[in-house]
Amino acid sequence: NLPGVVYEAHDGESQIECFDSSQHCLDQLQQRYGSKMPYTRGDVTKLSACVDGLSDAIVDKGLIDALMCSEGWNTMVAETLEESSKVLSPTGIYLMVCYRLSASTKRLLVEIGLKAGLEW
């Protein structure tokens, strides 16, 4: 419901783009919200090739959690944060919603993010 909540909170004045690697997920979002927002399928580790222009915000709802459960997760997380930094406007924010990050994981994400040009 997050895309719809954000859209409604801004009275439809904000442009929200839903991005996912799963066409099924995007189809479900489109059924729920219709043509209120664009839906893009792509690889988040190649985000800058998939989206046009700069974004004021990226909301990561569980993506980093999912990547960290994969083999080779550290490379995918680094690529995701690097690509995100390429498409964020100079004043843009990256909002990461994760479940119970340990202190050591937080330190690692800060380190990776700083290398990618994100200031935490």
Side-chain angles (χ1 to χ4, degrees):
N1 290 335
L2 185 60
V5 169
V6 172
Y7 184 86
E8 296 301 326
H10 293 275
D11 296 322
E13 295 295 320
S14 294
Q15 181 176 347
I16 298 168
E17 182 170 354
C18 295
F19 186 89
D20 204 296
S21 62
S22 166
Q23 189 60 50
H24 178 73
C25 288
L26 292 172
D27 290 344
Q28 287 183 328
L29 286 167
Q30 191 163 21
Q31 284 179 340
R32 186 176 298 159
Y33 303 116
S35 62
K36 292 179 183 177
M37 54 196 86
Y39 307 89
T40 303
R41 181 172 181 236
D43 179 351
V44 72
T45 64
K46 297 173 179 60
L47 187 61
S48 62
C50 301
V51 297
D52 294 327
L54 296 177
S55 298
D56 292 325
I58 293 175
V59 179
D60 163 1
K61 186 175 171 254
L63 173 64
I64 296 298
D65 286 334
L67 291 177
M68 290 175 62
C69 294
S70 304
E71 191 173 317
W73 66 269
N74 51 343
T75 300
M76 289 187 290
V77 168
E79 290 173 350
T80 298
L81 295 178
E82 184 177 316
E83 285 294 300
S84 296
S85 72
K86 290 178 184 177
V87 300
L88 280 171
S89 69
T91 58
I93 63 166
Y94 184 96
L95 175 62
M96 184 185 314
V97 181
C98 291
Y99 179 74
R100 301 182 95 188
L101 286 178
S102 67
S104 61
T105 302
K106 288 178 187 176
R107 285 192 299 274
L108 178 64
L109 289 174
V110 167
E111 181 183 317
I112 292 171
L114 289 172
K115 287 179 184 176
L118 296 174
E119 189 175 317
W120 301 96

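Everything quoted here is computed from the prediction, not taken from an experiment.
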Discussion item. For Ser35, give me all partners under side chain to side chain contact (heavy atoms under 4.5 Å, CB included), at least two apart in sequence or on another chain.
Written reply: none
Discussion item. Looking at Val44, is its backbone amide N or carbonyl O close enough to the side chain of Thr80 to form a donor-acceptor pair, meaning the two atoms are under 3.5 Å apart?
Written reply: no
Worksheet, complete the sentence: Sorted by chain and residue number, the salt bridge (Lys or Arg N to Asp or Glu O under 4.0 Å) partners of Lys61 (sequence neighbours excluded) come out as none
Please report, to 0.1 Å, the donor-acceptor pairs under 3.5 Å made by any side chain of residues 15-22, with sequence neighbours excluded.
unit_1, atom_1, unit_2, atom_2, d
Glu17, OE2, Thr40, OG1, 2.3
Asp20, OD1, Ser22, N, 2.8
Ser22, OG, His24, N, 3.4
Ser22, OG, Cys25, N, 3.1

Worksheet item: Taking a hydrophobic cluster as the set of Ile, Leu, Val, Met, Phe, Trp and Tyr residues connected by side-chain heavy atoms closer than 4.5 Å, whether directly or through intermediates, do Ile58 and Val5 fall within one such cluster?
Response: no
Worksheet entry | Same apolar cluster: Val59 and Met96, side chain cutoff 4.5 Å | no
Practice prompt. Take Leu109 and Ile64 through the test side chain to side chain contact (heavy atoms under 4.5 Å, CB included) and record every step on the way to the result.
Written response: CA-CA 9 Å; Leu109 289 174; Ile64 296 298; 4.0 Å; yes
Discussion item. On a heavy-atom basis, which atom in Asp65 and which in Val97 lie closest, and how many Å separate them?
Written reply: OD2-O, 4.2 Å
Worksheet item: How far does CG of Leu47 sit from CD of Glu79, to the nearest 0.5 angstrom?
Response: 12.0 Å
Could you pull out every donor-acceptor pair under 3.5 Å between side chains of residues 68-78 and any protein atom, sequence neighbours left out?
unit_1, atom_1, unit_2, atom_2, d
Ser70, OG, Ala66, O, 3.4

Discussion item. Minimum heavy-atom separation for Cys50 and Gly42, please, with both atom names.
Written reply: SG-CA, 4.1 Å
Worksheet item: Partners of Asp43 by salt bridge (Lys or Arg N to Asp or Glu O under 4.0 Å), sequence neighbours excluded?
Response: Lys46
Taking only distance into account, with no hydrogens and no angle test, what donor-acceptor pairs under 3.5 Å do side-chain atoms of residues 86-94 form with protein atoms, sequence neighbours excluded?
unit_1, atom_1, unit_2, atom_2, d
Lys86, NZ, Glu83, OE2, 2.9
Ser89, OG, Ser55, O, 3.4
Ser89, OG, Asp56, OD1, 3.4
Ser89, OG, Gly92, N, 3.1
Tyr94, OH, Asp60, OD2, 2.7

Fill in: Rounded distance (nearest 0.5 Å) linking atom CG of Leu101 with atom CG of Leu108
10.0 Å
Worksheet item: Between Lys36 and Glu8, does a side chain to side chain contact (heavy atoms under 4.5 Å, CB included) hold up when you go through it step by step?
Response: CA-CA 10 Å; Lys36 292 179 183 177; Glu8 296 301 326; 3.1 Å; yes
Discussion item. So, taking the atom named CD in Gln28 and the one named OH in Tyr39, what distance separates them when rounded to the nearest 0.5 Å?
Written reply: 12.0 Å
Worksheet item: Should Val6 and Val51 be counted in the same cluster of Ile, Leu, Val, Met, Phe, Trp and Tyr side chains packed under 4.5 Å apart?
Response: no
Response to the item:
Taken to the nearest 0.5 Å, the spacing of Leu81 CG from Lys115 NZ works out to 12.0 Å
Worksheet item: Distance only, no hydrogens: is a donor on one side chain within 3.5 Å (strictly under) of an acceptor on the other, for Asp27 and Gln23?
Response: yes
Worksheet entry | In one Ile/Leu/Val/Met/Phe/Trp/Tyr side-chain cluster, 4.5 Å: Leu95, Leu2 | yes
Fill in: Straight-line distance of Leu26 CG to Gln31 CD, nearest 0.5 Å
11.5 Å
